[in-house]
Structure formats: C-alpha cells, structure tokens
Amino acid sequence: MQLIFERSKKGRHLSLFPACDVPAFELDAPKRAEAPKLPEISENELDRHYTELAKHAQGMNDGFYPLGSCTMKHNPKVNEQAAALEGFTMAHPLQSEADSQGSLEVLKKATDILCEITGMDNMTLQPAAGAHGEFTGLLLIKAYHKARGDEKRTKIIVPDSAHGTNPASATMSGYDVISVESGADGCVDLEKLRAVVGEDTAGLMLTNPNTVGIFDKNILEITNIIHEAGGLCYYDGANLNAVMGHVRPGDMGFDVIHINLHKTFSTPHGGGGPGSGPCGCKDFLAPYLPGVTVVENDGVYSYSKSEESIGDMKAFYGNFLVVVRALTYLLTVGKAGIPEASQNAVLNANYMKKKLEDIYPMAYDVTCMHEFVMSLEGMKHDIDVSALDVAKALLDRGIHPPTMYFPLIVHEALMVEPTETECKETLDHAIEAFRSIYEDAKNNPAKMHMMPMETPVKRLDEVRAARTPVVKYEFEN
C-alpha cells in the first residue's frame, strides 16, 4: 500500500478543526527555517488510507489473539464508555482537590481494590507501563536499603526464564543482574538460588506463575531465602491474570509488585499504548512511593505525599483514563468475577494444551496455569519446519501468532495464552488450525517456508528488514 506521503498532492486539504474562537498568540520562540513537509490530502483519501491500514493489522476484533505472556483479552465496551464520560475527559490535572473529588475517588477506589487483590498495603498509579512499574519497584527497594545505610546490596537476582524487561529494569536502577537457572521442572532451582544469595543481594524479581506457565510450588521457600539474606522480593505482575482472586503476591512473600492494568484489568494495549503499570508495596516501603497518593477522610478526598518519596515517575497521576477503564472492569465483574476470570483462563489453557499435546511436544508435561509452551525443536530437526513457520501459517487461518522463541530456555518455543474471554468454539477452531498446520508441515514442509500466502502482506524478508531498515520517507525534492 502507499504511504500517506505518496498519496499527498500539493494543494489538497481538509478541514478537521472548527474555527479558532480565541485570539491567536504568536510564540516568541525560535522557528524552523521552513515549514514541515506534511502530507496534503483530501478527507476522502485520508479515510481510505487509515481504513487500508486497519485491514493490514490483526487485532482482538479480528480473531483469536493468543499472545503468550501478554493477556490479549477482550475489553468490554462499557469500559470505553466510562472513560469517555466528559467529567473524566475534561478534567485537568491542575484543578483543585475540591473540583476533582470524582476523579480522586476513582484513584482511591482503584488503589484500594488493587491492593486487596494483590495483598499490598499501598500503591502508586503513576507508572505508565509494566516496565515503568518494574523500574519504580526497584527504586523503592533501592531507597529502602539506602535509608538503612545498607548500600552494599548491589545485586538483583533474576531467573533465566524472566521477562526481558526484568534485567533491563534492574540495570537501569543501577543494580548488577545475577541470573539463576531454572530446574528441570521449569521452576527456580533452589540450590542454585541459595548459591547466589548473599550480603550483596538487594532483591529478587520473579513472576508466579512463571513464564512457562507453571505455579512454582516452592514460592514461599524462595521468598524466605531472599528475606533471610536481607533482600526484598519483587513480583512481576504480567501473569497475575492466572491467579487473581485465588492467591495474592503479598501472601506469597512479595514486598513490592507492579500490575499491568492494560493486560489483567482490561484496557486495550499494543502498538505502543496506552498502558498503566501501578506499583504496590507493603507498608514499610510506602513512604518511598512516587508522586502523590489519594487519602480519604470523612468522605473527602485529598492528596498526600511523603517527604521520603523517590520523586515523580511521571507527570501528575499516571494514565488516568486507563485507571477509569480498569476500575469499571473491576466494579462490573465484582468480587466473584475476578476469581472466575482466572479460573476460566486456566481452564482454557489446559483444554488447548490437552488437545494438542499428542502432536506438539509440551516444554513441561504438567498442568499449566493460564498459558503453555510448546517446543518445536523436534519438528525443526526432522522436517525443517520452525516455530516461525507455524506462527506464519496461523495468519492464513485468521489467527494471530502466539509468542515465538520465548522464553529463551525453551528451544523453538511457541507460547500460547488463550484468555478467559474466548469461548470453546474459538478454542476448537484454533486447535483444528494447529492440527491442520501440523499435517501440512508433514506433507509439504517446503510450502511452510512461504506462508502466509493469503494475507495482504506475504512472508517478509526479516533479515533484510533488521539490517537495512527504512525508517523515514525520502522526499524527491
């Protein structure tokens, strides 16, 4: 398809904005030497351009989207309606507390419910995404050790199955990252964990269930090992969708946590945002929370900020409308709906896993939680059909590919997460697609290297795209 600049014709235009109803003000600031080269296009062509773009994209509204570790669930439209209410969209962050009581109540209610679900005592809603929440949590850990004069703690322990953002966030926080290997069961190897723990341990980063979809049976022992060494335990909330309403990270021994509101609590995400990664903590870490927290006294809401706060992680109060969406979801499904959602997520994953394990080897032959990992290493070796080939073939069947080649500890990995919002008919269709692809791979493995063949864009040269990317449009003059 053509780029918007290729559609542009000089002199064409459209009117999107009403006439200005206030006096124009000329900024006394440096100006560029010449006007930017913006596309000139009619409204008709602009509409067609974005419609064509939409047809090239695959989203939740197009079909099954089993992207492992990302929880791409359906987002109820009532959430969008609540977030579009004028009282929220027209609120200004510099309004007085008296003029912002409704918005403050949203922040307070969301904080209280999320703390109850996670077993935390307090929370900041400032972080704008999951990795941003990780970074915040690690800064809380750092502030805690510094306040105690225990600055010899320079190392963060991260399992080898962790999300890539975990070691990145730890490094950004100024820590050295110590990787600990998983055992044959896919869980943390306790002996190897004990071997790397010491007086320089600042903390551990872990998600449970872990990245291979297994709930670590030794979780209490793991957090105890870290606490006995004087470190703190950080919970990556990316997989909270599997256990919410049944177990709480705070009860597992975790001291600080981030939550992906845009995964677990139903806000559209992908393509760069918007996101929200609230960071919760136990009471002893609460004085270091960034920004302001909302407190309630006799029905009146106000801001509170500790003198020991680490500062601000983002302007004002985070991505407020994402919090509105999440609170709408929480109030809609209620206290009974939260555990039901996680039960159905686990049920869907185990149903698919059981229906596929006779032809697709599972990385770990145990009951999984909300996601499972297949290893296509044997298929790659025997008939030269890779996890990438299978993922591309799914596109021809209207299914978004699962996560590929992650976690890194599983060779030729495909990680599938069928969320709780998918019905049995959709799962059966996906199971049949996987099984038919397996037959295609056996009968005509060479054809698998050409898929997808029915999509608007066929198989791309990914090596060329990585090595010689075209990142800007070159004008002719």
Side-chain angles (χ1 to χ4, degrees), residues 73 75-93 95-130 133 136 237 240-241 244-245 248-250 256-269 274-283 285-286 289-306 313-342:
K73 64 171 75 178
N75 303 287
K77 302 310 177 189
V78 66
N79 302 356
E80 298 301 313
Q81 293 168 1
L85 291 173
E86 192 173 272
F88 295 138
T89 61
M90 298 300 290
H92 195 283
Q95 284 178 203
S96 67
E97 292 178 359
D99 290 334
S100 304
Q101 287 296 293
S103 296
L104 296 188
E105 184 177 358
V106 167
L107 296 174
K108 177 61 174 167
K109 282 186 180 295
T111 297
D112 290 346
I113 296 174
L114 293 172
C115 281
E116 181 181 354
I117 290 172
T118 59
M120 294 292 128
D121 298 316
N122 210 331
M123 186 170 292
T124 174
L125 303 177
Q126 258 200 349
T136 303
L240 188 62
N241 201 59
M244 60 179 183
R248 308 190 307 173
V256 60
I257 173 178
H258 93 264
I259 309 169
N260 298 92
L261 291 190
H262 52 282
K263 292 183 183 181
T264 311
F265 299 106
S266 186
T267 288
H269 71 289
S276 181
C279 179
C281 64
K282 293 293 191 176
D283 269 334
L285 290 174
L289 284 172
V292 296
T293 54
V294 177
V295 296
E296 184 263 335
N297 187 18
D298 293 332
V300 178
Y301 298 91
S302 59
Y303 301 122
S304 175
K305 185 167 186 175
S306 168
M313 297 301 295
K314 186 182 184 296
F316 303 111
Y317 321 111
N319 285 337
F320 174 64
L321 294 180
V322 178
V323 178
V324 173
R325 291 180 176 97
L327 181 60
T328 306
Y329 172 78
L330 289 164
L331 295 177
T332 301
V333 301
K335 196 165 187 175
I338 291 295
E340 183 181 354
S342 59

For a quick test of reading the model, state the closest non-hydrogen atom pair linking [X] to [Y] and the distance between them.
X      : Y      : result
Asn260 : Gly130 : ND2-CA, 3.3 Å
Cys279 : Gly133 : SG-O, 4.0 Å
Arg248 : Cys115 : NH1-O, 4.5 Å
Gly245 : Ile338 : N-CG2, 3.9 Å
Thr136 : Pro290 : CG2-CG, 3.8 Å
Thr267 : Ala326 : OG1-N, 4.3 Å

Side chain [X], main chain [Y], donor-acceptor under 3.5 Å:
X      : Y      : result
Ser100 : Ser103 : no
Asn79  : Thr328 : no
Ser342 : Met244 : yes
Lys282 : Gly119 : yes

* Asked: So, Ser266 and Asn75: side-chain donor and acceptor under 3.5 Å apart, yes or no?
  ->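 Note: Ser266 and Asn75 side chains meet the donor-acceptor criterion.
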
* To do: Count the heavy atoms of every other residue, nucleotide or ligand shown that sit under 6.0 Å from NZ of Lys108, and state whether that count exceeds 12.
  =>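 Yes, NZ of Lys108 has more than 12 neighbouring heavy atoms, counting only those of other groups under 6.0 Å.
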
* Asked: Does a sphere of radius 6.0 Å around NZ in Lys305 hold more than 12 heavy atoms from other residues, nucleotides or ligands, not counting ones at 6.0 Å or beyond?
  ->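 Counting neighbours around NZ of Lys305, more than 12 heavy atoms of other residues, nucleotides or ligands fall under 6.0 Å, so yes.
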
Within a strict 4.5 Å, meaning less than it, do heavy atoms of the [X] and [Y] side chains meet?
X      : Y      : result
Leu125 : Val322 : no
Leu114 : Phe265 : yes
Ile259 : Thr118 : yes
Ser302 : Leu104 : no
Gln126 : Leu289 : no
Phe320 : Thr89  : no
Leu85  : Val324 : no

What distance separates [X] [atom1] from [Y] [atom2], expressed to the nearest 0.5 Å?
X      : Y      : atom1 : atom2 : value
Thr111 : Asn122 : OG1   : CG    : 7.5 Å
Leu261 : Leu330 : CG    : CG    : 8.0 Å
Lys335 : Ile117 : NZ    : CD1   : 10.0 Å
Gln101 : Gln95  : CD    : CD    : 11.0 Å

* Name the one of Gln81, Glu80, His262 that satisfies side-chain hydrogen bond (donor to acceptor under 3.5 Å, both in side chains) with Arg325? ->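 Single side-chain hydrogen bond (donor to acceptor under 3.5 Å, both in side chains) partner of Arg325 among Gln81, Glu80, His262: Glu80.
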
* To do: Give the C-alpha distance, both sets of side-chain angles, the deciding distance and a yes or no for side chain to side chain contact (heavy atoms under 4.5 Å, CB included) between Glu97 and Val300.
  => CA-CA 9 Å; Glu97 292 178 359; Val300 178; over 6 Å; no

* To do: Begin from the C-alpha positions of Met120 and Ile257 and carry the test side chain to side chain contact (heavy atoms under 4.5 Å, CB included) through to its verdict.
  => CA-CA 8 Å; Met120 294 292 128; Ile257 173 178; 3.3 Å; yes

* To do: Classify the angle between the aromatic ring planes of Tyr303 and Tyr317 as parallel (below 30°), tilted (30 to 60°) or perpendicular (above 60°).
  =>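 Plane angle under 30°, so parallel.
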
